[in-house]
Structure formats: structure tokens, C-alpha cells
Amino acid sequence: MEQLDKIGRLKQKLKELNAEYSNIGKLKAEKRAEFGRQLNLAKQKILQEIAKAEQELIDKDTEPLDITAWSGVNESLPEFYPATSGSKHPLMAELDRVTNIYQMMGFDVVESRQLDDEFHMFDSLNFVKEHPARDGYDTFRTEEGLIPPAHTSTMQHRVLRSYKHNLDEGKAIAVVVPGRVFRNEDVDATHEHTFYQCEGVYVSKDCTMGDMLGILREFFEKYYEQRLNIRTQPGYFPFTEPSLEFMIEKPKSLGGKKGDFLEMLGCGMIHPNVLKMAGIDPNEYHGFAWGGGIDRLVMLRYGLNDVRYFESGNLNFLREF
Ligand code: DAH
């Protein structure tokens, strides 16, 4: 963690330094070159320090290791590991709890994917081409133009299509989709480039927003094992209309005060265009969907204040669970 903090501080410095470049224009012409040169030097130095700190982080965690050799050859390793030495990663254990609760409510569970395309990530979700809302998702892209998905909503179209037969059989579509998601964001205590979300999709002839709020309340009360105060406020997502942000009041038992509302997920009634694109007639069927971060859910449950622990591989952290 210390090393990560150090890298974070250096990156912050770099940001501040980069901002300085915009001041060049304010200087007298003869001062500009020297100021620019000093900035470039300082920037070079910080970049080197970042590279060094990152290399140190790698070196610290990776001892040379011949994984094909019997354990005695790798002297730094113990002869054997006790059978009890491993455990499920806390996020995976909590994700099981999350999907179990939904399963008890009758939802199917399907996994999301870690590489997807423009169509599923955006077009099928009613994002208009070239719309700035696409930029809001800070997506990574591969050289081939594929997208490691920035939200589990990337699975909505597939779920609607492949469960459509439920509707023909007079049943509802009720599916949750846990998955890993990726965003090209600056990392800090509350932002990770890699995290987990869980999506929910429900479609039937006559479901309403009230049903959705009932399901979400039920889920959060089961997850936190207590009654909760909930609140919603209007939101915007191209794939739902109307859209809401769903909040819960941080429970007293978890250090919350009255009025401490936390946003847990985005939700809303599925946009008719999204249903249409999946071959479902919006005049006949209605649906709602929601999606939110798992990391945040777990952090609240355990009182964690830094999301970076989850992906850090820090054994002291992992052993606490
Ligand atoms: N995908 C949205 C996000 O990551 C969250 C979301 C909002 C999912 C509304 C939904 C929804 O299914 O209906 O920001």
C-alpha cells in the first residue's frame, strides 16, 4: 500500500506540473523558453521516479521462481503449504452471497464477459452514435477495437435475446449478471480501473417501477441483514427511461449517521428501443434493469476505506477474511 500511495502522490505531482504548461502563454516572450525547459526537466524527473517506484513494486512481489521444479529447489519457498492456507477472495465470497440472495428470489445467474464489442457495450443500449454519453464510461480499447466492458449492462442485449422464450412461455425474464468491469480512470481510494458489478434484468407483461424498488429493497436488506431506509433520485442512462439512482441510508451499525445516504446503483425502466433491438415488443412487455458496484457494497459491509486493497494481492489484507 505504501508503495501505491507513493506512486499516487507522484502522479498527482505530475498532474499539477502538467497544468503549469498552460501558464507559459502568460509569460513574457523571452521568459517562455526557459520556463518550458525547467518544466520539461521537472517532468522528466517525476516520470523517472514513477517508473522507478513501479519497478520496485514489481520487484518486491516477484522472486525468481522455477514453477516446474520440486519445492526444495526454490529455496525461498516452504517445503509444503498447509491445506488451510488459501481462502476465497473476499470479493468472490461476497459475490456468492449477492447471487444467492437473488437466486432465492427466483433469478437466474449468468456471468458477464471480459472482452466485448461496441455493439453490446453501446449500440444495443440505445447510446446514439457519437453521443458524449459514450465518453462518460472511460472505456479501454484493444488494438482491434474491442472493449473490456465498463459495465455489466454490456450483457443486457444477450440476456434479453436468449431468455426471450420465457416470455413466449408466459413467464418473466429474471436474470442477474455478475462480472468484472474496467475503466480507464485515475486510481485512488474510491476508484479502481478493475472492479465488479452486478446487473439485474427483469421483463414481464405488467411489471412496474414499484416491483423494481421492492426487489432492490429486499436485496439490500438481506445483504446487510437489517431494515434500511432507501431513497431514489432522478438519473440519466440512455438504456432506461425513466432512470433512477438508488440510495440507502448508511446503517448505524456500520458507522452511519441519520441522513447519510449512499448511492448504490443505477436503475430504471428498460428503454423501448433496447427491448425492440432484442426482438421484444415494447407495447406488449415492460422491463426494468439495474446495475451497481460490488466493491462498494462490500467496503460498506466491512468498513473498508480503500478499494485498492481488493486488487492489491496483499496477503495481510486477504487473511483478514
Ligand atoms: N451500467 C450503469 C453504470 O455502470 C448502471 C446501470 C444503470 C445499469 C441503469 C442498469 C440500469 O441496468 O438500468 O453506470
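When a ligand or atom number is given, it counts from 1 through the structure's own listing order.
Within the structure, ligand 1 lacks Ser243 among the residues with a heavy atom less than 4.0 angstrom away.
Between Glu241, Glu199, Arg183, it is Glu199 that holds the heavy atom closest to atom 12 (O) of ligand 1.
Only the side chain of Ser153 comes within contact range of ligand 1, with a heavy atom under 4.0 Å; no backbone atom does. If you look at Phe288 next to ligand 1, there are no close heavy atoms at all, none under 4.0 Å.
For atom 5 (C) of ligand 1, the closest non-hydrogen atom on the protein side is Gly291 O, 3.6 Å. Given atom 6 (C) of ligand 1, the protein heavy atom at minimum distance is Gly266 O, 3.7 Å. The protein heavy-atom contact nearest to atom 11 (C) of ligand 1 is Phe239 CE1, 3.5 Å.
Placement of Phe220 and Tyr196 within a single hydrophobic cluster is found when ILVMFWY residues are connected by side-chain heavy-atom separations under 4.5 Å, directly or transitively.
Applying the 4.0 Å criterion to heavy atoms of Cys267 picks out, from ligand 1, the atoms 7 (C), 9 (C), 11 (C), 13 (O). Short contacts between ligand 1 and Gln197, defined as distances under 4.0 Å to a heavy atom of the residue, involve ligand atoms 4 (O). Residue Gln156 has at least one heavy-atom neighbour below 4.0 Å for each of these atoms of ligand 1: 12 (O). Shown in contact with Thr240 at under 4.0 Å from a heavy atom are these atoms of ligand 1, numbered in order with element: 13 (O).
Atom CG of Asp138 sits in a crowded spot, with more than 12 heavy atoms from other residues, nucleotides or ligands closer than 6.0 Å. Within a 6.0 Å radius of CD in Glu34, more than 12 heavy atoms belonging to other residues, nucleotides or ligands are found. The number of heavy-atom neighbours closer than 6.0 Å to CD of Gln226, taken from other residues, nucleotides and ligands shown, is above 12.
Annotation: Phe239 is in aromatic contact with His151 [ring centroid separation under 6.0 Å]. Residues Trp290 and Tyr102 bring their aromatic ring centres within 6.0 Å. For His193 and Phe140, the ring centers sit 6.0 Å or farther from each other.
Atoms CG and CD, on Leu91 and Glu311 in that order, are 7.5 Å from each other to the nearest 0.5 Å.
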